[in-house]
Amino acid sequence: MAYPFKQIEEKWQAEWEKRKIFCVEPESKKKKYYCLEMFPYPSGKIHMGHVRNYTIADVAARYKMIQGFNVLHPMGFDAFGQPAENAAIKNKSKPDVWTDKCIEWMKQELRRMGFAYDWDREISTCEGDYYRWNQWIFLKMFERGFAYKKASSVNWCPKCETTLANEEVIDDGCWRCYAKVEQKDLEQWFLKITEYKERLLQDLSQLRDWPQRVLSMQTNWIGKSQGVEIYFRLKENGAKIPVFTTRQDTIFGATYIVLAPEHPKVLEMIKGKPQEKEVIKFIKKVAKESKAVRIASDVKKEGIFTGTYAINPVNNEEVPVWVADYVLMEYGTGSIMAVPTHDQRDFLFAREHNLPMRIVIQPSVVSRQLSAKELKEAYEGDGTQVNSGQFDGLPNTQAKTKIAEWMEKEGIGKIKTHWRLRDWLISRQRYWGTSIPIIYCSKCGIVKVPYEDLPVKLPSDAPFTGEGGSPLGKVKEFVEVSCPKCKGSARRETDTMATFFDSSWYFLRFCSPDFDQEPFDKKDVKYWMPVDQYIGGIEHAILHLLYSRFFTKFFKDLKMLDFDEPFTRLLTQGMVLKGGEVMSKSKGNIVDPDSIVKKYGADTLRLFILFAAPPETELEWDDRGIEGSFRYLNRVWRIQENLKEKATLELIKIMHKTIKKVSEDIENFKFNTAIASLMELTNSIYQIGADKEVFSNLVIMLSPITPHFAEELWQKLGNKESVIKADWPKYDSKILVEATVTIVVQVNGKVRSKVEVLAEITEGQLKEKVLADEKLKPWIQGKPIKKFIVVPKKLANLVL
RNA sequence: GCGGAAGUGGUGGAAUGGCAGACACGCUAGCUUCAGGAGCUAGUGGGGGCAACCCUAUGAGAGUUCAAGUCUCUCCUUCCGCACCA
């Protein structure tokens, strides 16, 4: 007979809600612990990814609760976003109604999983009480010039009919619908995240408890590269052509320069020259090629000579000026110096077009001296400067600095740092988001919506046709307003903010969800922040995590908080796979958590998901594995019928060992091995028989993992309070000390025997005992023992 | 190309430099049961041996060490991120 999980789970979910036992203690003297998972978009259903994410967090939160911490473990909804609008178009409903319904469904499913949330702090970003503060923050940024409007070429998703941030473009496609992203010239709102680039990079070193992977992804994304801008000049008119390089040590080997086809100087350069027609033809051809084709690695680098020469400022050499597709206008200065001997791309291009090469760095290994004629590929490593004027003989790493300084002094170059990070484009041509609190007046220009008029609410009667752009622009009463300054007629901004704006500070709102003076109450934030443990998917490694770090730094500069980083510890949980592939509708390999809960209960699902793999690795769904977890709980359930008066010392010892292991493992998020050791204890109980104390401890240790199950058994054991109020068992290290120990005996590093000895035995006594061991005789064969190595209480190794 | 992570039984996965494969799934056998997608017990990396045992084995190869899955080097493979980034 299976244990009655359905009844038990429903009973305790109701009981927890009634007793509000997961709500934080206000004004508490206890140590705080803020455990947060990335809040969901309310699609209406939770999937296995959610279950895994929230189960991991729930164990951490419950473990800290039972340890006596004041734990903030909130839940909310990232409720703005496109699916609500799409649903509105499809079902002729309204986004807010649809979203509310989805939130309700989702909450039901979250409840059924038994997560220990403080529901009193629930927030939803689509509520005026929340997005009002988005607008407030936007205005603060606007006042400081951190939110600004700029015309530029931006990413445009034709399917979603909206602009996208660089971070939202994945492999040239829209992150949401995978449609191919186009470039469009538009005037849009940006946030000046680049203002914080140095700090965003620097402070990564503070984040010691973040996964290396995320840190390196952010480092890459910010993309700092230090080098020199070197000024070449055109031979014919002395016009300055700056090139950016990080390899200024190779400048003496620059035998030509290359401009991007879009480079503004190209057209005037070729005017009237015999090459003019051909170059223009080439430029047009490149312009037609999509970016994806152009950067595909197997495409041959194409280029054409402009008929112009430039002067290399370090040696006054004349070098030809080329135009080529492999030079990009977006990066650096849109022009490069080419050093074919020490840059592989330049090498390929030079060989193709028969351009000159000169070695300027020789590797330190004499046998590998290079000659330009025999070069098979560019030498990009370190070495000694040659053919480099006064820098000859220097190691190139030193020459790098010396040359940079020298060029600055001579006025032929400037030390420069380039960054990959661009400002954050936040305008979205959508309805279901926070409207940007700006009014355009023909007389006053761009005018802020006054703070007292916030929130700028979304009109409820916008038409959802799916055609003709944002529904907001079609609502006359919304668009046509009077200017807050001159009271003349004006127009309201109809774009809304990217929803990543909403999630960039929600963790602060949870600290004081009802505060109505500012986005958050400084005093509460001081107590709760930073988040001690943040848990979510790797897909936010850059997007959400970078934006949140940016917002935190902005608030710090506003003196609204006093720390630099919002999330102390970060865990990125692995994906849930089935058949080796990520669960997805299109692959048809989805396992619905709700169906598992119905069949086996939430506790079994939680147990399986924690046991099947460590949190940060991928988890392969296994239908039979889940049955195993269910069997285990039933096995534990049956123990209560056979409790003994008193447990044996042997079992007590195993129990203490388990307490130690489980405590340490949960602390370190090694839930799979914690569960394994609970299973071992259970196996021992089956062999030896447990008393009430041992069984109680097993129940307490299971409680963060399978909370309903543990509550029920805890109650059956005669306890009145929730198991979350129990004392987490402590292990007694004295009991763990064994009087006798088994010593593994090796001969030349191979295990040949084992001896049982007193734990406190001396080395001499041990040696005597070991040498007396009959089993070892054939291995020693009377040979002299050169060395006798002892690892106390573990091992002895005889070296012959 | 650069950066990151990882390669261990049929499977998921364990192993502060010290008995490789904990725990579980699966499989095999036995017991129990009217029955089992239930329960209990035992076995289960490969090779050899009636057996006690022996040999061998953590992607490949070298090295350090009394001792290497673990440390170092070289190489291979897979996954992820960035990428003609100058």
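Each chain gets a letter, A, B and so on, in the order the sequences are listed, and its residues count up from 1. The figures here come from the full heavy-atom set of this structure, side chains too, leaving out hydrogens, waters and symmetry mates.
Comparing B/rA86, B/rC23, B/rC82 against the side chain of A/F611 picks out B/rC23 as the nearest. Comparing B/rG18, B/rA86, B/rU41 against the side chain of A/R635 picks out B/rU41 as the nearest. Between B/rG39, B/rC84, B/rG81, one nucleotide has an atom nearer to the side chain of A/N220 than all others, and that is B/rG81. Of the candidate nucleotides B/rA14, B/rC19, B/rA86, B/rC19 has the atom lying nearest to any side-chain atom of A/Q746. Listed nucleotides: B/rC85, B/rA15, B/rG18. Nearest to the side chain of A/T673: B/rA15. In the set B/rC19, B/rU16, B/rA14, the nucleotide with an atom closest to the side chain of A/K794 is B/rU16. The A/V791 side chain lies nearest to B/rG18 when the options are B/rG18, B/rC40, B/rG4. Distance from the side chain of A/M679 is smallest to B/rA24 among B/rG13, B/rA24, B/rC19.
Between B/rC53 and A/R752, no contact under 4.0 Å exists linking OP1 or OP2 to a side-chain N or O. For B/rC79, neither phosphate oxygen OP1 nor OP2 lies less than 4.0 angstrom from any side-chain nitrogen or oxygen of A/R213. Distances shorter than 4.0 Å separate none of the side-chain N or O atoms of A/K750 from OP1 or OP2 on B/rA68. Considering only side-chain N and O atoms, A/N683 lies under 4.0 angstrom from the phosphate OP1 or OP2 of B/rA24. The phosphate of B/rA24 (OP1 or OP2) has no side-chain N or O of A/R631 nearer than 4.0 angstrom. Taking side-chain N and O atoms only, A/R624 has no distance below 4.0 Å to OP1 or OP2 of B/rA24. Proximity of A/N634 to the phosphate of B/rG39: no side-chain N or O atom is located under 4.0 Å from OP1 or OP2.
Base-pair partner of B/rC66: B/rG18 (Watson-Crick or G-U wobble, both distances under 3.5 Å). Nucleotide B/rC40 forms a Watson-Crick or G-U wobble pair with B/rG30, both donor-acceptor distances falling under 3.5 Å. Both distances falling under 3.5 Å, in either a Watson-Crick or a G-U wobble arrangement, place B/rC2 opposite B/rG81.
For B/rG59, the base adopts the anti conformation, since its glycosidic angle falls more than 90 degrees from zero.
If you check every strand for non-hydrogen atoms under 4.0 Å, A/G223 touches nothing.
A cation-pi arrangement is found for A/R635 relative to A/Y686, the charged atom lying closer than 6.0 Å to the ring centre and inside a 45° cone about the ring normal.
Between A/W221 and A/T246, the residue anchored nearer the 5' end of RNA chain B, judged by the nucleotide with its closest heavy atom, is A/W221.
Atom CD in A/E774 sits about 15 Å away from atom C1' in B/rA52, given to the nearest Å.
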